[in-house]
Participant: 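Sharing a structure with you now.
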Number of protein chains: 2
Amino acid sequence: MAKFVTLRDVAEKAGTTVGTVSYVLNDRKGRYISQELRAKVLAAAEELHYIKCNGASSLKGMDRKLIGILIPQYENQFFTRICVAAEEVFASYGYDLIICDTFDNPEREKSIIHRLLSQRVDGLIVTPSLKGSENTRIVRDVGLNMVVVDRPLEGFNDYYWVSADNYGCGYVGGENLRKHGHRSLIYVGWDSGISELSERERGFRDACKDCEVFTYNAEFSPKACYEVTMKAVKEHPEATAVLFGFNVQAQGGVNVFRDLGMKIGEDISVSLIGSPEWSYTGNNNFTHVHMGDYEIGKKAAGILFDLIRGNDVPSKRVIQECTLVEGASVGNIGGGIE
Amino acid sequence: MAKFVTLRDVAEKAGTTVGTVSYVLNDRKGRYISQELRAKVLAAAEELHYIKCNGASSLKGMDRKLIGILIPQYENQFFTRICVAAEEVFASYGYDLIICDTFDNPEREKSIIHRLLSQRVDGLIVTPSLKGSENTRIVRDVGLNMVVVDRPLEGFNDYYWVSADNYGCGYVGGENLRKHGHRSLIYVGWDSGISELSERERGFRDACKDCEVFTYNAEFSPKACYEVTMKAVKEHPEATAVLFGFNVQAQGGVNVFRDLGMKIGEDISVSLIGSPEWSYTGNNNFTHVHMGDYEIGKKAAGILFDLIRGNDVPSKRVIQECTLVEGASVGNIGGGIE
DNA sequence: CGGATATATGCAAACGTTTGCATATATAGG
DNA sequence: CCTATATATGCAAACGTTTGCATATATCCG
């Protein structure tokens with residue numbers, strides 16, 4: 001249905017041939033072209049609204065100008081922020097992003113990867129689905145550039161991997177609660193089966209070695225976390241602080257206290273790993289550990305772009321530093337801040 | 001760098017020619033092929049892990065198997081839900097989605113559209129950026145199928161458009177507050193300059209004709225809305241209920257009451273247009289008007305697919321019905337529910 | 001048995017690009 | 001004036017597909 005202008009059309013209008021037009025439009029060197037003809041070609045292209053066909057030029061070995069990105073959940077802002085960052089990097093070079101949601105389903109992931117290969121994308125940014133590492137083998141087999149994000153690629157080694165400092169996030173989160181005098185703590189995490197993500201809990205425990213720590217796990221949803229948190233709080237009324245290991249979980253969890261009539265920052269201290277942009281509350285924001293979502297996306301995209309361009313990539317493993325952001329949701333116990 | 005298997009490779013291995021392989025792999029009719037040869041071809045393709053190149057086949061007029069989708073904000077779940085729905089529709093037919101964030105910036109939108117045309121996408125789903133309707137003219141000029149979502153395409157007529165029932169959302173939201181006995185109301189909206197979105201306020205006012213209504217507008221962010229809401233509540237302590245016109249805005253706005261120590265559902269009644277999945281709170285969820293985000297995406301994608309396939313599309317304009325979802329954030333005034 | 005028809009396969013053009021090679025003129029140096 | 005060299009342009013092959021056309025054998029019906 002749609003009809004596009006081709007190089008031939010432009011050439012005809014400019015009174016020359018396709019080859020010359022291609023050289024002009026791509027501003028290639030290695031060929032002399034008179035100012036006069038160049039101007040005529042540019043004018044013709046402009047006038048006819050010529051739009052190059054990437055599909056055709058990629059046949060001749062040019063870049064497809066397409067990047068695939070696999071995430072496990074569109075609606076998780078940690079991942080959308082990574083997408084935003086990647087888009088910024090690549091759009092500036094004229095690349096488009098195909099963002100695909102695997103829904104953490106390996107079957108779906110497999111077919112997505114197959115489709116993306118069919119598109120002959122120039123590279124892939126992948127957060128592997130929960131049990132889907134094997135799905136990426138084909139990517140390596142065809143020699144396509146890939147950067148892994150967030151979770152590791154179980155069963156593989158020697159791949160490019162950018163992630164948060166999961167251990168550090170847990171440590172920083174715990175350390176802060178400890179500093180404020182808390183000694184009886186609840187950690188609500190996600191039982192993902194991904195060892196890297198459990199590092200958050202390990203970091204938390206390491207930071208709070210001399211504390212009483214109660215660990216709970218919930219399915220990955222606000223609702224599940226709400227329920228588990230409710231249980232945790234009822235089972236351990238002696239706890240004075242709670243750390244939520246995952247941003248999305250906290251969206252449910254934090255409401256437990258409000259529903260129980262407990263004032264956050266006074267009756268209970270609350271902190272979380274991730275950035276709670278789902279709840280802007282003036283000067284009373286949540287104390288949280290910022291993971292550097294945007295930077296992770298920026299760095300992953302940067303590495304992928306370097307790989308595509310054939311540039312040198314210094315390190316295969318990048319761990320994004322985390323930052324504590326203090327809000328008003330953590331109060332002092334006993335003598336206050338150490 | 002990446003090396004892909006071609007039809008020629010498969011043909012060679014199967015001891016036949018590319019033409020035949022193409023027929024077999026696409027399961028085309030109009031040509032006889034012996035069971036024997038067919039089996040050999042399929043085996044060869046399987047063994048070599050042949051993956052078709054969409055770019056090449058689209059040169060011959062086949063579908064590009066690519067759909068572009070433009071939204072103004074990745075991180076707005078209204079739009080990600082539309083993307084999820086569209087992806088489900090198209091993935092089942094083997095199409096990929098290129099999701100692009102215009103950030104509501106017309107310049108950016110223009111270059112995105114240009115890039116997508118370069119990709120020779122088979123169709124476009126577009127939420128026009130704030131002042132960017134003209135950017136889509138080229139789409140119409142080349143005859144590419146397009147479905148508009150959410151906002152209208154100012155200055156055009158005769159296009160396919162799926163949106164929420166903005167007037168209805170406002171009406172239903174207001175009507176519900178009125179039913180619960182509220183007669184002094186605050187509406188916090190977004191001063192977008194898009195008349196269609198102002199329909200929410202009009203619906204609200206129409207439903208509350210006999211009430212005192214205070215309207216406030218804020219920039220489109222939780223923070224801006226927090227501040228405006230704070231001002232509104234202080235200026236009108238007599239108001240007993242608040243309706244937030246936009247989900248994202250409410251993410252900031254609702255915290256005003258908590259920060260002021262007002263109990264939602266008792267000291268103040270709160271409702272919003274959109275689905276507050278950013279705050280799961282057991283049995284105390286927010287009363288809200290569900291816009292049917294997912295359905296909007298589903299329907300838009302369905303129409304686009306029909307257009308691509310050349311199927312009949314009954315109506316150019318689809319308005320998604322809204323639904324009131326009652327939570328616990330609206331209390332009764334006076335005699336209670338009418 | 002002869003011609004129509006069904007079965008089975010190969011060949012080559014075309015899609016819209018990119019680029020190496022050939023060609024043609026102008027300019028300069030000896 | 002003759003040959004290099006710089007300037008300017010055209011031609012055609014190739015990329016990986018799809019598909020119309022040609023070819024060749026087997027089968028069937030009168």
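Owing to the predicted nature of the structure, the values given are computational and were not obtained by experimental measurement. Hydrogens, waters and symmetry mates play no part in the numbers below; they use all other heavy atoms, side chains included. Each chain gets a letter, A, B and so on, in the order the sequences are listed, and its residues count up from 1.
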Participant: Which side-chain N or O atoms in residues 41-48 of chain A pair as donor and acceptor under 3.5 Å with protein atoms at least two apart or in another chain?
Facilitator:
unit_1	atom_1	unit_2	atom_2	d
A:Glu47	OE2	A:Lys13	NZ	3.3

Participant: So, is A:Ser34 near the phosphate of D:dT9, with a side-chain N or O under 4.0 Å from OP1 or OP2?
Facilitator: yes
Participant: Cation-pi check, A:Arg120 to B:Phe4: give yes when NZ or CZ is under 6.0 Å from the six-membered ring centre and within 45° of the ring axis, no otherwise.
Facilitator: yes
Participant: For B:Tyr23, give me all partners under ring pair (Phe, Tyr, Trp, His ring centres under 6.0 Å), at least two apart in sequence or on another chain.
Facilitator: none
Participant: Under 4.0 Å, counting only non-hydrogen atoms across every strand here, what does B:Ser58 touch: a base, just sugar-phosphate, or nothing?
Facilitator: nothing
Participant: Have a look at B:Leu7 and say if it touches a base, only the backbone sugar-phosphate, or nothing, with a 4.0 Å heavy-atom cut-off.
Facilitator: base
Participant: To the nearest angstrom, how far is B:Arg64 atom CZ from D:dG16 atom C1'?
Facilitator: 12 Å
Participant: Who passes side-chain hydrogen bond (donor to acceptor under 3.5 Å, both in side chains) against B:Arg140, sequence neighbours left out?
Facilitator: none
Participant: Round to a whole Å and report the spacing from CG of A:Asn54 to P of D:dG16.
Facilitator: 17 Å
Participant: Give the rounded distance in Å between these two atoms: CG of B:Asp9 and P of D:dG16.
Facilitator: 8 Å
Participant: Would you sort out whether A:Arg309 and A:Asp122 count as a salt bridge (charged side-chain N to carboxylate O under 4.0 Å, His left out), showing the intermediate values?
Facilitator: CA-CA 10 Å; A:Arg309 277 291 201 271; A:Asp122 301 308; over 6 Å; no
Participant: Rounded to whole Å, how long is the line connecting atom CD1 of A:Ile51 with atom P of C:dT17?
Facilitator: 11 Å
Participant: Is there a donor-acceptor contact under 3.5 Å linking the side chains of B:Tyr294 and B:Gln320?
Facilitator: no
Participant: Between P on C:dG16 and NZ on A:Lys65, what's the gap in Å once rounded to a whole number?
Facilitator: 21 Å
Participant: Map B:Ala56 and B:Thr17 onto DNA chain C by nearest heavy atom, then report which one ends up closer to the 5' terminus.
Facilitator: B:Thr17
Participant: Answer yes or no: is there an ion pair linking B:Lys131 with B:Glu109, defined by an N-O contact shorter than 4.0 Å?
Facilitator: no
Participant: Find which nucleotide of DNA chain C each of B:Arg120 and B:Ile33 is nearest to by heavy atoms, and output the residue with the more 5' nucleotide.
Facilitator: B:Ile33
Participant: When you check every protein heavy atom under 4.0 Å of nucleotides 19-25 of chain C, what one-letter string (B, S, -) results, 5' to 3'?
Facilitator: BBB----
Participant: Kindly say if A:Tyr32 contacts the phosphate of D:dT7, meaning a side-chain N or O under 4.0 Å from OP1 or OP2.
Facilitator: yes
Participant: How large an angle, rounded to 10°, do the end axes of the helix from C:dC1-D:dG30 to C:dG30-D:dC1 enclose when each is built from five base pairs?
Facilitator: 60°
Participant: Roughly, in whole Å, what's the span from NZ in A:Lys29 to C1' in D:dT7?
Facilitator: 17 Å
Participant: Provide, to the nearest angstrom, the distance between the CZ atom belonging to B:Arg38 and the C1' atom belonging to C:dT9.
Facilitator: 13 Å
Participant: In terms of the angle between their ring planes, are A:Phe305 and A:Tyr93 parallel, tilted or perpendicular, with boundaries placed at 30° and 60°?
Facilitator: parallel
Participant: Just the rounded figure in Å: distance from P of D:dC15 to NZ of B:Lys52.
Facilitator: 20 Å
Participant: Tell me, please, which residues at least two apart from B:Arg64 pass side-chain hydrogen bond (donor to acceptor under 3.5 Å, both in side chains).
Facilitator: A:Gln119
